[in-house]
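Residues: numbered from 1 along the sequence shown. Atoms within a ligand are numbered from 1 in the order they appear, just like the ligands themselves.
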Amino acid sequence: MPEIRESVRRMCADFPGEYWRKLDRERAYPTDFVQALTRSGFLSVLIPEEYGGSGLGLRAASVILEEIHRAGCNGAAAHAQMYTMGTLLRHGSAEQKTKYLPAIASGELRLQAFGVTEPASGTDTTRIRTFARREGETYIVNGQKVWISRAEHSDLMLLLVRTSARDDTAKASDGMSVLLVDLREAVGHGLTIRPIQTMINHATTELFIDNLKVPAANLIGEEGRGFRYILDGMNAERILIASECIGDARFFVDRASAYAREREVFGRPIGMNQAVQFPIARNYIETEAASLMVEKAAGLFDAGEPCGTEANMAKLLASEASWRAADTCLQTHGGFGFAEEYDIERKFRETRLYQVAPISTNLILSHVGTHVLQMPKSF
Ligand SMILES: Cc1cc2nc3c(=O)[nH]c(=O)nc-3n(C[C@H](O)[C@H](O)[C@H](O)COP(=O)(O)OP(=O)(O)OC[C@H]3O[C@@H](n4cnc5c(N)ncnc54)[C@H](O)[C@@H]3O)c2cc1C
């Protein structure tokens, strides 16, 4: 792992703060950065060697994203290229895997859009309304999605749809299916993508789906079992986002402690004041603890063990550690924390996302409260 960390750091050195500040101002996609990541092979570490990836596993992917974020860069523009293919890898047919995985591994095909969330259902995924009706060898899809990131920068998208109405299934989570949508054909032929401007530069969008035709051959696995298929992908996503948070937290702790050592006010470094020093020390401790949970969750994932609870706990701890470190770092910099050129206000905005997406803190607390501690569910 130290070699991976070192080579990620070297690559990130070509993308300093000014590169990200310009994109942030223009709300533009970091194409050069994503190309460099693709060329380096960092995005295909979860793809087995037989399909052209390096098969290094989630622990390696986690280290890559952590280092990207620690360097002040942002992996969100491309992180989904690493893990979205997991659903295809684990549940796709041999033919689908041979057709798509090598091209995804080389970066020739970008599969980095994952369409789950809908405006009316929110976190309650079983209530999605986007429906795919089968007609012969084609699905006709109608519905709407929101917050679908990178759809404009992806060739393929995994789309969660209902193929049976919720009321017609034994369990609410039955009757959902996963379709692989070729965005190059779909846009303008039943699919409209509308960008959403947000407080961060995230290339997220809204999708309007109107009689979109998807070949039945693009169904992943069995019809009606889609919810199960996306769940294991979500564990990988949570662990990797947690790693980005660890990277962010380390960025903030590095910057805050450096500034506290150097900045002199009242004739001494501000870091000599324990009211400045202790919060940074606490952030460091919280980050180290959260990092251990990320490592545990990634280890379980790589061993093929159940890791849903650990993935959730890692995401909660890491996103809270990064947010608290962001707040301390901003405070430590005083007025300069608000100046764009320090990159702190940008990272501060960026790291706030992870208490909401890809799953909000309350839903993780509910998972632990009900699934682990057997208390009654509120919904
Ligand atoms: C920038 C960005 C990028 C995203 N990218 C993607 C993407 O690529 N693909 C995708 O499918 N989705 C994506 N999302 C969606 C994201 O996963 C959801 O926003 C997130 O899961 C929360 O869902 P929601 O926004 O519908 O909130 P809601 O479900 O409406 O919840 C709102 C608030 O209420 C709380 N809440 C709701 N129910 C309960 C309850 N029973 N008990 C306690 N609290 C509750 C939640 O915790 C939350 O804080 C993205 C979101 C953002 C902001």
Practice task
Kindly identify the option in Gly115, Ser149, Ser154, Pro358 whose heavy atom sits closest to atom 5 (N) of ligand 1.
Solution key: Ser149

Exercise for the section: Considering only Ile, Leu, Val, Met, Phe, Trp and Tyr, and joining two whenever side-chain heavy atoms are under 4.5 Å apart, list the other residues clustered with Val372. Expected result: Met293, Met313, Leu316, Leu317, Ile359, Leu363, Ile364, Leu365, Val368, Leu373, Met375, Phe379

Looking only at protein heavy atoms, which one is nearest to [atom], and how far off is it?
{"atom": "atom 37 (C) of ligand 1", "result": "Leu363 CD2, 4.3 Å"}
{"atom": "atom 6 (C) of ligand 1", "result": "Trp147 O, 2.5 Å"}
{"atom": "atom 29 (O) of ligand 1", "result": "Thr123 OG1, 2.5 Å"}
{"atom": "atom 40 (C) of ligand 1", "result": "Phe379 CD2, 4.3 Å"}
{"atom": "atom 53 (C) of ligand 1", "result": "Leu353 CD1, 3.6 Å"}
{"atom": "atom 48 (C) of ligand 1", "result": "Ser360 OG, 3.9 Å"}
{"atom": "atom 43 (C) of ligand 1", "result": "Asn362 ND2, 3.5 Å"}
{"atom": "atom 12 (N) of ligand 1", "result": "Thr117 OG1, 2.7 Å"}

Problem - ligand 1 contact by Ser366, heavy-atom criterion under 4.0 angstrom - result: no

Practice task
State if Ile148 counts as touching ligand 1 under the rule of any non-hydrogen atom under 4.0 Å.
Solution key: yes

Exercise for the section: For Glu223 and Tyr139, test the side chains for any donor-to-acceptor distance below 3.5 angstrom and give the result as yes or no. Expected result: yes

Exercise for the section: May I ask you to check whether Trp323 and Tyr354 place their ring centres under 6.0 Å from each other? Expected result: no

Exercise for the section: Verify whether the ring centers belonging to Tyr342 and His333 lie closer than 6.0 Å. Expected result: yes

All N/O donor-acceptor pairs, side-chain side in residues 188-195, below 3.5 Å, sequence neighbours left out:
| unit_1 | atom_1 | unit_2 | atom_2 | d |
| --- | --- | --- | --- | --- |
| His189 | ND1 | Glu185 | O | 3.0 |

Exercise for the section: For the residue pair Arg324 and Glu286, establish whether any side-chain heavy-atom pair is separated by less than 4.5 Å. Expected result: yes

Exercise for the section: Report, in ascending order of atom number, the atoms of ligand 1 lying under 4.0 Å from any heavy atom of Val116. Expected result: 11 (O)

Fill in the blank from the handout: Quick note on ligand 1: atoms under 4.0 Å from a heavy atom of Gly122 include exactly 26 (O), 29 (O)

Problem - Candidate list Thr163, Ile220, Leu212, Leu219, test side chain to side chain contact (heavy atoms under 4.5 Å, CB included), partner Leu179, passing option - result: Leu219

Problem - Heavy-atom protein neighbour under 4.0 angstrom from atom 34 (O) of ligand 1 - result: no

Problem - Verify atom 8 (O) of ligand 1: protein non-hydrogen atom under 4.0 angstrom away - result: yes

Salt-bridge criterion met for [X] and [Y] (N-O under 4.0 Å):
{"X": "Arg349", "Y": "Glu345", "result": "yes"}
{"X": "Glu18", "Y": "Lys22", "result": "no"}
{"X": "Glu66", "Y": "Arg70", "result": "no"}

